[in-house]
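What follows is a single structure, written as structure tokens, with notes after it.
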Amino acid sequence: MSESGGQGPVLRLEAVRKTFGRTVVLRDVDLEVAPHTVTALIGASGSGKSTLLRCANLLEEIDDGAIFLDGEEITDPRADPDAVRRRIGVVFQAYNLFPHMTVLQNITLAPRRVHGVGRAEAEERARELLERLGLSGKAGEYPDRLSGGQQQRVAIVRALACRPRLLLLDEITAALDPELVGEVLDVVRGLKDEGMTMILATHEMGFARDVADQVCFLDGGVVLERGTPAEVFGEPRQERTRRFLRRLVQAGRL
Ligand SMILES: Nc1ncnc2c1ncn2[C@@H]1O[C@H](COP(=O)(O)OP(=O)(O)OP(=O)(O)O)[C@@H](O)[C@H]1O
Ligand SMILES: [Mg+2]
């Protein structure tokens with residue numbers, strides 16, 4: 001029976017292994033993401049957070065293991081990567097908006113070109129999303145006339161315009177000035193309230209603690225510890241997790 005749209009996990013990683021040359025970047029990673037939940041990936045720089053997200057979106061080929069989207073194995077060589085990517089929205093640290101296109105053109109590009117949505121409908125959806133994310137006046141603007149926070153919100157709208165089953169957010173506030181971080185995190189909170197399933201790699205521990213249902217601490221490509229925010233931040237079992245959190249506290253970041 002197909003799990004599509006059902007109660008099974010939206011995304012499941014089973015013993016995923018990823019190497020770059022002789023470096024093992026993900027080792028035996030298991031992960032389950034239930035519908036309408038937020039998973040936060042935390043861990044030091046280089047621990048494998050981005051690589052995990054890139055593998056989930058088939059931007060990287062895994063060396064071993066399997067990844068399932070709605071119960072269907074997407075790492076099966078017969079799976080169509082483009083069809084998989086149409087179901088997964090991605091937002092990266094650098095917003096990657098096309099500078100020569102207006103906000104509206106940026107947002108409607110994929111729905112029109114990739115999903116075959118008509119122009120009028122794509123624009124209507126885009127305007128609705130822009131309004132929801134507090135950007136209703138910006139449809140005709142070019143990206144370089146927007147603040148970093150506004151550009152990142154446009155990038156989120158662009159990902160949502162394709163009505164993804166799953167949203168992957170990689171350090172989406174890392175390039176922002178501190179005063180702009182809050183507005184982007186508010187958007188993520190709003191999406192959670194609407195039931196969007198998300199995985200986010202983040203260095204914003206306060207945010208992870210606040211918004212995540214599941215926190216995974218990656219260390220050297222291993223999910224060393226996982227649990228609710230209360231468990232991982234409040235009662236970490238592993239010494240390495242404790243050390244990581246202690247360093248954040250010392251740096252004033254937790
Ligand atoms: N294309 C690549 N070729 C070779 N090594 C890579 C490549 N991409 C990532 N790596 C290596 O994989 C490891 C994990 O990188 P990754 O970008 O997933 O870490 P991260 O947890 O996202 O770090 P950060 O917090 O700095 O974003 C690092 O050692 C990195 O150097
Ligand atoms: Mg990263």
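We count ligands from 1, going down the list as the structure has it; atoms in each ligand are counted the same way.
Note that CG of Asn57 and CG of Leu52 are 11.5 Å apart. Values are rounded to the nearest 0.5 Å.
Atom 30 (C) of ligand 1 is never approached by the protein to below 4.0 angstrom, counting heavy atoms only.
Listed for the Thr75 side chain is a donor-acceptor partner under 3.5 Å among the backbone atoms of Ile67. Between the side chain of Thr23 and the backbone N or O of Val25 there is no donor-acceptor pair closer than 3.5 Å. Between the side chain of Gln93 and the main chain of Ala174, no donor-acceptor pair closer than 3.5 Å is present. Checked by atom type and distance alone, the side chain of Glu121 never pairs as donor or acceptor with a backbone atom of Gly118 at under 3.5 Å.
Annotation for ligand 1: atoms under 4.0 Å from non-hydrogen atoms of Ser47 are 19 (O), 21 (O). Remark: ligand 1 atoms within the under-4.0 Å shell around heavy atoms of Val25 are 12 (O), 13 (C), 14 (C). When each atom of ligand 1 is checked for a heavy atom of Ser50 under 4.0 Å away, the hits are 17 (O), 18 (O), 20 (P), 22 (O), 27 (O).
Looking at Glu60, Gln93, Lys49 and measuring to atom 25 (O) of ligand 1, the nearest heavy atom belongs to Lys49.
Residue contact annotation: Gly48 has a non-hydrogen atom under 4.0 Å from ligand 1. Under the 4.0 angstrom criterion for non-hydrogen atoms, Ala44 is in contact with ligand 1. Distances from ligand 1 to the non-hydrogen atoms of His203 include at least one value under 4.0 Å.
Ser50 lies close to the Mg ion (ligand 2), since one of its N, O or S atoms is found at a distance under 2.8 Å.
With respect to Arg125 and Glu128, no salt bridge is recorded, no charged nitrogen being found less than 4.0 Å from a carboxylate O. Salt-bridge formation is not detected for the pair Arg78/Glu73: no Lys NZ or Arg NE/NH1/NH2 atom is positioned less than 4.0 Å from an Asp or Glu carboxylate oxygen. Look at Asp210 and Arg189 and you find a salt bridge, because one of the NZ, NE, NH1 or NH2 atoms lies within 4.0 Å of a carboxylate O, short of that distance.
Among protein heavy atoms, atom 26 (O) of ligand 1 sits closest to Ser45 OG, 2.5 Å. The protein non-hydrogen atom at the shortest distance from atom 15 (O) of ligand 1 is Thr51 OG1, 3.7 Å. Looking from atom 8 (N) of ligand 1 to the surrounding protein, the closest heavy atom is Phe20 CE1, 3.4 Å. Looking only at protein heavy atoms, the nearest one to atom 23 (O) of ligand 1 is Gly46 N, 2.8 Å.
Counting only N and O atoms by type, the side chains of Thr39 and Gln214 include a donor and acceptor under 3.5 Å apart.
Between Thr23 and ligand 1, no pair of N/O atoms sits closer than 3.5 Å.
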